[in-house]
Amino acid sequence: MSSDAIQVLKEEIWRRAREKAENIMREAEEKAMKIIEAAEMRVREEVRSKVESEKLALKRRTLGKALMDGRREVISAKNEVLEKVFERAVERINTLRDSDLYRGFLVNSLKRAIKKFSDMNVEELAIYVNEKDLEFLQSRVRELNPPVKLKFRKGDFIGGMIVTDPEEKMIFYDTIEGRFESLKPILREKIASILFRRVE
Amino acid sequence: MSLASLILEEKKAMLYVQEVKEKAQRILQEAERKAEEILRTVQSPEKIHEELESYRKELEKEVEKILREHREKAEMIKSLPDEVIEEAVKIVVEEVLKHEL
């Protein structure tokens, strides 16, 4: 065998050896990577399954609280607006004292009071009204022609009246404040549906 | 050069491949060791805590969104136009004065 031929064979031996070594290293690196990836995946899965129920509870608790806080803020804003409406309505009634609407209410209220006391056989009724309404009501007494004597007195309330018999056995209570209080729950719903329909 | 030198070269090449095999084996052993280390973290409460903490951060974004939406709604309610308020005031006044209690 010539030295050239031997040289060629040597190179071939090393070419094959290097190729084999490269394959061995590549396979080992790929396998190592797969081993680590598999371990990481298993960890992720196991941690996930372990914390899943805790996550669900955390989600319910956290989002539930956020929803409650948010709704509370909305309710508080609605209450603020509703109170503003009621406050303004009270102020408005004060300015409507000379209107037909308010005067009509006063006259009706007085008529109802007289009717209510009609079975009691009393000779006199005490009518408490706001001093601003005194003159108007006194001017309407003759027109109403009540079967009892009406004595008007100054009451410390916005409007409407409180009527009692002399012994105060019965009280007819029809003040503006009282009406607001009685009607507030119904009015709140009605007004809320008008006010907030645009933002719901 | 002789056939003997060829045999020697073959042996050297085989040794080289053997060394590479050993190196590959060490790589695999190291990977196994790392994998075991990774798997041990499952048992660690820190890992679970870490996972929950990262989830809590995700939830915070949702919380912010919910609160922002409600805050915007509350602001819209508070800034209702005056004519809408007036419409309601008118109804309240009429109901209070006309309602038969």
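Lettering follows sequence order; numbering is per chain, from 1. Values below: every heavy atom of this structure, side chains too, minus hydrogens, waters and symmetry copies. Treat the numbers as computed from the prediction; the structure is a model and nothing was measured.
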Novice: Is it the backbone or the side chain of I186(A) that comes under 4.5 Å from a heavy atom of chain B, or both, or neither?
Specialist: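 The answer is neither part of I186(A).
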Novice: By number, which residues in residues 51-88 of chain A have some heavy atom less than 4.5 Å away from chain B?
Specialist: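 Within residues 51-88 of chain A, near chain B: V51(A), E54(A), K55(A), L58(A), K59(A), T62(A), L63(A), A66(A), L67(A), D69(A), G70(A), R71(A), E73(A), V74(A), A77(A), K78(A), E80(A), V81(A), V85(A), F86(A), R88(A).
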Novice: Using non-hydrogen atoms only, which part of R40(B) is less than 4.5 Å away from chain A: side chain, backbone, both, or neither?
Specialist: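 For R40(B), there is no contact with chain A at all, as no heavy atom is under 4.5 Å.
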Novice: Please classify the contact between D174(A) and chain B as side chain, backbone, both or neither, with a heavy-atom cut-off of under 4.5 Å.
Specialist: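 Just the side chain, heavy atoms under 4.5 Å.
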Novice: Does CG belonging to D82(B) count more than 12 external heavy atoms closer than 6.0 Å?
Specialist: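 Yes.
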Novice: Identify which part of K190(A) has an atom lying under 4.5 Å from any heavy atom of chain B, answering side chain, backbone, both or neither.
Specialist: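 For K190(A), side-chain heavy atoms alone lie under 4.5 Å from chain B.
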Novice: Counting only heavy atoms not in R42(A) (residues, nucleotides, ligands), do more than 12 fall under 6.0 Å from its CZ?
Specialist: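 Result for CZ/R42(A): open.
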Novice: Could you tell me which residues satisfy salt bridge (Lys or Arg N to Asp or Glu O under 4.0 Å) with R15(A), sequence neighbours excluded, listed by chain and number?
Specialist: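 By the salt bridge (Lys or Arg N to Asp or Glu O under 4.0 Å) rule, R15(A) matches E12(A), E19(A).
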Novice: Closest approach of V92(B) and A89(A), non-hydrogen atoms and distance?
Specialist: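 In terms of heavy atoms, the two residues are closest at CG1-CB, 3.5 Å.
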Novice: On a heavy-atom basis, which atom in A32(A) and which in L28(B) lie closest, and how many Å separate them?
Specialist: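 For A32(A) and L28(B), the tightest heavy-atom pair comes out as N-CD2, 3.8 Å.
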Novice: Cluster question for you: counting only ILVMFWY and a side-chain heavy-atom cut-off of under 4.5 Å, with indirect links fine, are I13(A) and L8(B) together?
Specialist: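 No, no single cluster joins them.
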Novice: Would you kindly confirm whether L110(A) and L101(A) end up in one hydrophobic cluster when ILVMFWY residues are joined by side chain heavy atoms under 4.5 Å apart?
Specialist: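 Hydrophobic grouping puts L110(A) with L101(A).
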Novice: Are more than 12 heavy atoms, taken from residues, nucleotides or ligands other than M120(A), located less than 6.0 Å from that residue's CE atom?
Specialist: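 It does: M120(A) CE has more than 12 such atoms within range.
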Novice: Is it true that K50(A) and E51(B) make a salt bridge, defined as a side-chain N closer than 4.0 Å to a carboxylate O?
Specialist: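 E51(B) and K50(A): not salt-bridged.
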Novice: Hey, what do you get for NZ (K98(B)) to CZ (R179(A)), rounding to the nearest 0.5 Å?
Specialist: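 With rounding to 0.5 Å, NZ (K98(B)) is 12.0 Å from CZ (R179(A)).
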Novice: Return yes when atom CD of E53(B) has more than 12 non-hydrogen atoms of other residues, nucleotides or ligands closer than 6.0 Å, and no otherwise.
Specialist: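 Buried by this count: over 12 neighbours within 6.0 Å.
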Novice: Name the region of I77(B), side chain, backbone, both or neither, that has any atom closer than 4.5 Å to a heavy atom of chain A.
Specialist: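 Contact with chain A is through both the backbone and side chain of I77(B).
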Novice: When you compare the side chain of V89(B) with that of I191(A), does any pair of heavy atoms fall below 4.5 Å?
Specialist: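 With C-beta onward as the side chain, the pair stays apart.
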Novice: Under 4.5 Å between side-chain heavy atoms, counting indirect links through other Ile/Leu/Val/Met/Phe/Trp/Tyr residues: same cluster for I24(A) and L15(B) or not?
Specialist: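 Not linked; separate clusters.
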Novice: Side chain, backbone, both or neither: which part of R112(A) has a heavy atom under 4.5 Å from chain B?
Specialist: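 Looking at R112(A), just its side chain touches chain B.
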Novice: Identify which part of R103(A) has an atom lying under 4.5 Å from any heavy atom of chain B, answering side chain, backbone, both or neither.
Specialist: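 Interface part for R103(A): neither.
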Novice: Looking only at non-hydrogen atoms, find the nearest pair between A17(A) and V17(B) and report the distance.
Specialist: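 Taking A17(A) first and V17(B) second, the nearest heavy atoms are O-CG2, 3.6 Å.
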Novice: Apply the test salt bridge (charged side-chain N to carboxylate O under 4.0 Å, His left out) to residues E32(B) and K31(A): give CA-CA distance (whole Å), side-chain angles for both, the deciding distance (0.1 Å), then the verdict.
Specialist: CA-CA 10 Å; E32(B) 293 287 354; K31(A) 204 173 168 187; over 6 Å; no
Novice: Between atom CH2 of W14(A) and atom CD of E10(B), what is the distance when rounded to the nearest 0.5 Å?
Specialist: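 Taking CH2 in W14(A) and CD in E10(B), the distance rounds to 9.5 Å.
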Novice: Is there a side chain to side chain contact (heavy atoms under 4.5 Å, CB included) between I27(B) and M25(A)? Walk through the geometry before answering.
Specialist: CA-CA 9 Å; I27(B) 287 172; M25(A) 282 303 285; 3.4 Å; yes
Novice: Quick one: what part of I66(B) sits under 4.5 Å from any heavy atom of chain A, side chain, backbone, both or neither?
Specialist: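 Only the side chain of I66(B) comes within 4.5 Å of chain A.
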Novice: Looking only at heavy atoms and a cut-off of under 4.5 Å, which of E60(B), R56(B), E58(B) has the most pairs with chain A?
Specialist: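 Among the listed options, the one with the most contacts to chain A is R56(B).
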Novice: Taking the side chain as everything from C-beta on, heavy atoms only, tell me whether V93(B) gets closer than 4.5 Å to Y102(A).
Specialist: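 When only atoms from C-beta onward are counted, Y102(A) and V93(B) do not touch, as no gap falls below 4.5 Å.
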Novice: Look up atom CD1 in I6(A) and atom CG in L6(B), then write down how far apart they are to the nearest 0.5 Å.
Specialist: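 Output value for this atom pair is 5.0 Å.
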Novice: Can you list the steps and then say if V96(B) with V90(A) is a side chain to side chain contact (heavy atoms under 4.5 Å, CB included)?
Specialist: CA-CA 10 Å; V96(B) 166; V90(A) 172; over 6 Å; no
Novice: Given heavy-atom pairs under 4.5 angstrom as the criterion, report whether the side chain, backbone, both or neither of E87(B) touches chain A.
Specialist: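 For E87(B), side-chain heavy atoms alone lie under 4.5 Å from chain A.
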Novice: Working to the nearest 0.5 Å, report the span between NZ of K34(B) and CD1 of I36(A).
Specialist: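 Result: 4.5 Å between the selected atoms.
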Novice: Check whether any side-chain heavy atom of S182(A) lies under 4.5 Å from a side-chain heavy atom of H99(B), and answer yes or no.
Specialist: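 No, side chains not in contact.
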Novice: So, taking the atom named CD1 in I194(A) and the one named NZ in K90(B), what distance separates them when rounded to the nearest 0.5 Å?
Specialist: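 So the CD1 of I194(A) and the NZ of K90(B) are separated by 11.5 Å.
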Novice: Would you mind listing every salt bridge (charged side-chain N to carboxylate O under 4.0 Å, His left out) that reaches into residues 134-158 of chain A, with sequence neighbours excluded?
Specialist: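 Qualifying pairs, neighbours excluded: R140(A)-E143(A).
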Novice: Report, as yes or no, whether the 6.0 Å neighbourhood of atom CE on M170(A) holds more than 12 heavy atoms from other residues, nucleotides or ligands.
Specialist: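 Yes.
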Novice: At a 4.5 Å cut-off on heavy atoms, which part of K12(B) comes close to chain A: side chain, backbone, both, or neither?
Specialist: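 Interface part for K12(B): both.
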Novice: Taking atom CD1 of I38(B) and atom CD of E37(A), what is their separation to the nearest 0.5 Å?
Specialist: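 Result: 10.0 Å between the selected atoms.
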Novice: Test question: given the 4.5 Å side-chain rule for I, L, V, M, F, W and Y, name all other residues clustered with I171(A), or answer none.
Specialist: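 Joined to I171(A), directly or through intermediates: Y128(A), F157(A), I162(A), Y173(A).
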Novice: Answer with side chain, backbone, both or neither: which region of K78(B) has an atom nearer than 4.5 Å to a non-hydrogen atom of chain A?
Specialist: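 Both backbone and side chain of K78(B) come within 4.5 Å of chain A.
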Novice: Stepwise, does the side chain to side chain contact (heavy atoms under 4.5 Å, CB included) test hold for E86(B) with R92(A)?
Specialist: CA-CA 10 Å; E86(B) 275 302 312; R92(A) 189 63 40 82; 2.7 Å; yes
Novice: Please determine whether residues M14(B) and I7(B) belong to a single hydrophobic cluster, defined as Ile, Leu, Val, Met, Phe, Trp and Tyr linked transitively by side-chain heavy-atom distances below 4.5 Å.
Specialist: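 They do not share one cluster, since no chain of ILVMFWY contacts under 4.5 Å joins M14(B) to I7(B).
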Novice: Between I35(A) and chain B, with a heavy-atom cut-off of 4.5 Å, which part of the residue counts as in contact: side chain, backbone, both or neither?
Specialist: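 Interface part for I35(A): both.
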